Amino acid sequence: MHQGPEQLTTETIKLASQEPNRLALFISSITDYAIYMLSTEGHVVSWNAGAQRFKGYQQSEIIGQHFSRFYTAEERAAGIPERALRQAADSGRFEAEGWRVRKDGSRFWASVVIDAVRGERGELIGFAKITRDITDKKLAAQQLLATEQQFRLLVQGVTDYAIYMLSPEGLITNWNAGARNIKGYADDEVLGTSFSRFYTDEDRAQGLPQKALQSAAEQGRFEAEGWRLRKDGSRFWAHVVIDAIRNDMGELVGFAKVTRDVTERKAAQAELEKAREALFHAQKMEAIGKVTGGIAHDFNNLLSVVTNGLALLRQGATRDSDVRLIDTMEKAAQRGGTLIQQLLAFARQQPLQKEHKNLSKLIASFEAVLRRAGRAKTRLEFELAPQLPNVLIDAAQVETGLLNLVVNAFDATEPGGRIVVSTQLVDLAEGQVKKLTAGRYVAMSVADDGQGMSPQTLERAIEPFFTTKDVGKGTGLGLSQVYGIAQQSGGDLVIESKEGGGTTITVYFPASTEHEEAAEAQDVETVLLVDDQPEVLDITVELFRSLGFDVLSASSALHALDVLKRNPGIRLLVSDVVMQDMTGIELAKQAVTLHPQLKVLLASGYAGLGAAVPSNGMLEGFHFLAKPYRINDIVRKLRILG
């Protein structure tokens, strides 16, 4: 039990009464600290003004009372007052902070120091206790801690921004949820590693991470945008802010880094810029088209006067020299007329004879002409999709445009290069290709592995009269004409090119609806015509077209075999017999091996060969037709073939 005031030992009272008057006066006058003495058992034996102010007790009320009354009930029950005295006695000093209780029952946060006081012989004679009210400091610390916790929770709860700290050397010291969300790393994967790991190899090679920290350290802040890397290696476009963090002494203690993924914004800006460029280009082409169309119409009228005048002059021309001069002038007028048609096509003012056509079949029938436009050492290949829906086009204009594209491709491709003419059915989303609406389109492409175009050339490629060819080797109207045909047909033209990486030009035509296709569907047989004489092949193509055939053509036997392999729907083969690479007979034998149901008609104007044909009109098992033949001869043979 604790001793009451009447039980204080004589030695303790004597200790208090022997304090020098001056020191006692000094201690008793201090108001910011509670300074008082305890007996060895923990009873209060002195009391100063600071103790009275902090704890509310008058000296007469507290002298002789046990100091444990200042502790909370919880701490008294836990034996903390006794433990404090025991520690002070054992080690000479006890120091702690904790809640203490005033006379009125209110609490304050106290900083407490208890020193053991010993006599001349080292014996324990009591304790000196100093208490200070640091409630304001405690509350401020608690408020600061709460603020820090709230801030930490706020930072950790942000998922749209990567917010983290860096050491002065650029090492990551903390990591929030936004950083995990954006960059894909867990805390233990990045803490203690350099933030440069998020930069691309190119940026690291240029020292951009170090430059960013240096700029932030010197200027206080660094802000930039650029590509950054996620854990999975994918890239995202980041907006980055780095702030230098300094202590009260102005010393750099680290950096605060905030990163935001703005990939969608960048993509939206790119799309907006693309749309602006497309609008500007469309407006420019529209303006050029109007001017071009007006000039072409006026020039057409003038040319009509010239051609009609030449016709009148021819009627009165008697000298051969005059006739030759008129012939030359008419040829020049015809060339002028061709240029006008190309200008009108670009201006979308060319009258078109539109009809529903299968683009793959149209190109296949025009293949022989396209091959004649090329060079022997440059490969021309065809990748034509089967069973395409029809498109509503002017077939002659499309053939002319395709020929222009192929000729340009040959001019851009070195010997040994490759050109591919292809068709395919594509489903486009709204705005996927320029201003084309969503829907199904048939795409016709001409791709080469030639020299490609510079960005400057690409920008002006479809302008009329713009050409990179030498003077006299091109009018610069071929691509303009194709662009105009595409526009008038409800489609568009796209050029993809890179210097040294070749060029691909794709023309999109709207696919016909099922109703339109059904209306145009016909049971038409497909015939393959083969002849190595271009003039003969061209007239034969027109003859068979006039008979209602769907016509494909080839200018050699090897070419014909390639066409047969790509077109299993061919029902009739008509071939010249005498050709350079293979005879028509050899071709026919290989052809029926590929297509056993194929009907074959061989033709030749070679007199010796015709004489060798038996009376049954068969040549080595195949029907034979002698040249020159008329359309009636063809019809007669077709009836025999069934």
Side-chain angles (χ1 to χ4, degrees), residues 1-139 141:
M1 292 183 61
H2 302 308
Q3 296 176 344
E6 68 280 8
Q7 297 173 314
L8 292 176
T9 64
T10 304
E11 185 179 1
T12 303
I13 297 174
K14 182 179 179 182
L15 173 65
S17 64
Q18 288 177 349
E19 291 179 352
N21 293 334
R22 184 174 299 176
L23 178 60
L25 181 62
F26 170 73
I27 292 175
S28 65
S29 64
I30 292 175
T31 59
D32 290 336
Y33 290 83
I35 304 175
Y36 52 98
M37 296 289 292
L38 300 177
S39 68
T40 55
E41 294 81 13
H43 294 95
V44 179
V45 296
S46 69
W47 198 245
N48 79 329
Q52 181 177 326
R53 185 171 72 85
F54 289 170
K55 303 191 179 185
Y57 291 96
Q58 298 294 325
Q59 184 173 2
S60 60
E61 295 177 295
I62 202 63
I63 295 295
Q65 299 295 322
H66 199 270
F67 85 111
S68 61
R69 72 186 306 161
F70 307 133
Y71 283 74
T72 64
E74 300 86 2
E75 290 184 335
R76 287 200 302 270
I80 292 178
E82 292 78 7
R83 196 180 306 161
L85 292 185
R86 188 162 53 249
Q87 181 177 333
D90 293 342
S91 62
R93 181 183 179 86
F94 171 82
E95 185 172 0
E97 289 186 5
W99 290 110
R100 296 297 182 265
V101 181
R102 296 187 178 94
K103 178 182 177 180
D104 61 6
S106 63
R107 295 187 178 192
F108 67 98
W109 189 261
S111 172
V112 176
V113 177
I114 302 176
D115 287 296
V117 179
R118 297 186 180 275
E120 294 178 357
R121 295 187 299 274
E123 73 279 13
L124 180 68
I125 60 175
F127 300 93
K129 191 169 186 297
I130 302 176
T131 303
R132 188 180 184 192
D133 183 353
I134 57 171
T135 305
D136 291 343
K137 178 182 176 183
K138 172 68 175 178
L139 294 176

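Just so it is clear, the model here is predicted, and its values are computed rather than measured.
The minimum heavy-atom distance linking Ala88 with Ala116 is given by the pair O-CB, 3.4 Å. The heavy-atom pair separating Ala110 from Thr131 by the smallest distance is CB-CG2, 3.7 Å. Across all their heavy atoms, Ser39 and Val45 have their closest contact at N-CG1, 4.1 Å. Taking each heavy atom of Phe54 and Ala34 in turn, the nearest pair found is CE1-N, 3.6 Å.
Checked by atom type and distance alone, the side chain of Arg76 pairs as donor or acceptor with a backbone atom of Tyr71 at under 3.5 Å. With hydrogens and angles disregarded, no donor-acceptor distance shorter than 3.5 Å links the side chain of Ser106 to the backbone of Arg102. Glu123 contributes a side-chain N or O that, together with a main-chain N or O of Arg121, makes up a donor-acceptor pair within less than 3.5 Å. Judged purely by atom type and a 3.5 angstrom limit, Ser46 uses its side chain to pair as donor or acceptor with the backbone of Met37.
In this structure, Lys129 forms no cation-pi arrangement with Phe67, as its terminal cationic atom is not both closer than 6.0 Å to the ring centre and no more than 45° off the ring axis.
Looking only at side-chain heavy atoms (C-beta outward), Val44 and Leu38 come within less than 4.5 Å of each other. Side chains of Arg100 and Glu75 form a contact here, defined as non-hydrogen atoms less than 4.5 Å apart.
The OG1 atom of Thr40 sits 9.0 Å away from atom CG of Leu85, with the distance rounded to the nearest 0.5 Å. If you take CZ on Arg83 and CG on Asp90, they are separated by 13.0 Å, rounding to the nearest 0.5 Å. Between Asn48 atom CG and Gln52 atom CD the span is 9.0 Å, to the nearest 0.5 Å. Rounding to the nearest 0.5 angstrom, the gap separating the NZ atom in Lys138 from the CG atom in Asp133 is 13.0 Å. Rounding to the nearest 0.5 Å gives a distance of 8.0 Å between CZ of Arg118 and CZ of Phe127. For the atom pair CZ (Arg69) and CD1 (Ile62), the distance works out to 4.5 Å, reported to the nearest 0.5 Å.
The aromatic rings of His43 and His66 lie perpendicular to each other, with more than 60° between the two planes, well past the 30° mark. Ring geometry, Trp47 versus Tyr36: the interplanar angle falls from 30° to 60°, so the pair is classed tilted.
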### Task
Evaluate the side chain to side chain contact (heavy atoms under 4.5 Å, CB included) criterion for residues Lys55 and Phe108: first the C-alpha distance (whole Å), next the side-chain angles of each, then the deciding distance (0.1 Å), finally the verdict.
CA-CA 9 Å; Lys55 303 191 179 185; Phe108 67 98; 4.2 Å; yes

#### Entry: salt bridge (charged side-chain N to carboxylate O under 4.0 Å, His left out) assessment of Glu74 paired with Arg107
CA-CA 13 Å; Glu74 300 86 2; Arg107 295 187 178 192; 3.4 Å; yes

